[in-house]
Amino acid sequence: MGHPFPIREIARQAGLSEATVDRVLNGRTGVRESTAREVHQAIADLDRQRTQVRLQGRTFMVDMVVQAPQRFTTAVRAALEAELPSLHPAVVRSRFHFRETGPVAELTGTLDRIARRGSQGVILKAPDVPEVTAAVARLVDAGIPVVTLVTDLPATARLAYVGIDNRAAGATAAYLMGQWLGDRPGNVLTSLSSGFFRNEEEREMGFRSAMRSLHPDRTLVEIAEGQGLDATQYDLVRAALDRDPDIRAVYSIGGGNIATLRAFEDLGRECAVFAAHDLDEDNTRLLREHRLSVVLHHDLRHDLREACHVVMRAHGALPPAGPTVPSAIQVVTPYNMPAPIG
């Protein structure tokens, strides 16, 4: 494939040796298919970050490790790459390690490879489990600063968390849900992608606490472990609706909203109020179509800019600053949607 990048730049972007990159580019044998994909992905990343590659200045190579559905990782990539030019005079380049789901050993293996290879920083969205906590400790021991994104790992030595106050976001959803349901009867379905992500757990706790206080007679029905993926989410929602004919509203904490709505439609059921999180591509379209009532959003560009600043401060490239404050919780309806990232 044609490209304008030196082998050493591709190797740095991919985290591989120059010899391995040369074998891939020249179609030689002895290279695993997954390694070849890494090389081609590195070239694609370099092409998108072309303006950064040309710049001169102190360079920071940051690794983004995110476990989330593709609709969210696509939004994360776009937000970071839109923000990179604003970080001058420093030059920030990024490598992406995205996965929708899978064994935790694969995730920790990625973190351990970064620890061995080296990096100026890791921006991490991962489940809060002991194996990940241990892997973060190994990164920190290797001198690599870690910033958690969207969901925190407070028991680790991460430098900072960037994202919203998730308990406050859940309480906000409960307030809106109660206002819009009013005196109409009906139970509320709460949907988590996984109980191992702290942000989802905190949103659910904030929602449940506020609903208990404001609307103690309203029943909450919980489903979890759909991983935010439409295929698994549909079955979970369909089963919940079959069990409970009184479900009339949804608080979607972990995504899979197209599948959730399809389950309602297939059973001929009305979803009177639907509150969701994050203006990814799916939710943007659903909100425009008035199929969602509200999306609780946060500015990913702001979050990723702050994450990069934390990494730069860790290396002395920016002056010290106070603790990172939570991002603003944006209440987005079909009538106040922000401009797309660009």
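Below, all heavy atoms of this structure are taken into account, side chains as well, without hydrogens, waters or symmetry copies. Sequence positions, counted from 1, serve as the residue numbers for this chain.
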Are [X] and [Y] side-chain neighbours, meaning at least one heavy-atom pair lies under 4.5 Å?
X    : Y    : answer
V132 : T156 : no
H297 : L287 : no
T74  : E281 : no
I247 : T219 : no
S327 : E306 : no
V65  : R99  : no

Measure from NZ or CZ of R77 to the centre of the six-membered ring of F96, then state whether that distance is under 6.0 Å and the direction lies within 45° of the axis.
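Judged by the rule (NZ or CZ under 6.0 Å from the ring centre, within 45° of its axis), R77 counts as positioned above F96.
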
Does the side chain of [X] come under 3.5 Å of the side chain of [Y] through a donor N or O and an acceptor N or O?
X    : Y    : answer
E200 : S194 : no
T190 : E204 : no
R113 : T110 : yes

Give the minimum heavy-atom separation between [X] and [Y], together with the two atoms involved.
X    : Y    : result
Q67  : P127 : OE1-CD, 4.1 Å
A169 : I329 : N-CD1, 3.6 Å
G255 : S191 : O-OG, 4.4 Å
V237 : A263 : CG1-CB, 3.6 Å
K125 : A68  : NZ-CB, 4.0 Å

For side-chain contact (heavy atoms from CB on, under 4.5 Å), just list the numbers for D278 and H298, CA-CA rounded to whole Å, side-chain angles, deciding distance to a tenth of an Å, and then say yes or no.
CA-CA 7 Å; D278 301 320; H298 54 108; 3.3 Å; yes

Residue of the set I164, L176, V332 for which side-chain contact (heavy atoms from CB on, under 4.5 Å) holds with L296
L176

Quick check on side-chain contact (heavy atoms from CB on, under 4.5 Å): which of L286, L279, V331, N257 does V295 satisfy it with?
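Of all the options given, the one that passes is L279.
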
What's the separation between atom [atom1] in [X] and atom [atom2] in [Y], rounded to the nearest 0.5 Å?
X    : Y    : atom1 : atom2 : answer
L261 : R291 : CG    : CZ    : 5.0 Å
M211 : D217 : CE    : CG    : 10.5 Å
R95  : M61  : CZ    : CE    : 4.5 Å
H309 : L87  : NE2   : CG    : 5.0 Å

Which pairs, with at least one residue in residues 166-224 and sequence neighbours excluded, count as a ring pair (Phe, Tyr, Trp, His ring centres under 6.0 Å)?
F207-Y251

Carboxylate-amine/guanidinium contact [X] [Y], below 4.0 Å:
X    : Y    : answer
R37  : E33  : yes
E83  : R301 : yes
R117 : D63  : yes

For residues 137-152, run the donor-acceptor check on the side chains, cut-off 3.5 Å, and write out each pair with its distance to 0.1 Å, sequence neighbours left out.
from : atom 1 : to   : atom 2 : distance (Å)
R138 : NE     : D112 : OD1    : 2.8
R138 : NH2    : D112 : OD1    : 3.3
R138 : NH2    : D112 : OD2    : 3.2
T148 : OG1    : D152 : OD1    : 2.8
T148 : OG1    : A160 : O      : 3.3
T151 : OG1    : R198 : N      : 3.2
T151 : OG1    : N199 : N      : 2.9
T151 : OG1    : N199 : OD1    : 3.2
D152 : OD1    : R158 : NE     : 2.8
D152 : OD2    : R158 : NH2    : 2.8

Go through the steps for R288 and M337 under the test side-chain contact (heavy atoms from CB on, under 4.5 Å), then give the verdict.
CA-CA 9 Å; R288 284 201 180 106; M337 297 179 68; 3.6 Å; yes

With side-chain contact (heavy atoms from CB on, under 4.5 Å) as the test, would you mind laying out the steps for L241 and F264 before giving the verdict?
CA-CA 8 Å; L241 293 176; F264 273 86; 3.7 Å; yes

Look at the aromatic rings of Y335 and H290 and report parallel, tilted or perpendicular, splitting at 30° and 60°.
perpendicular

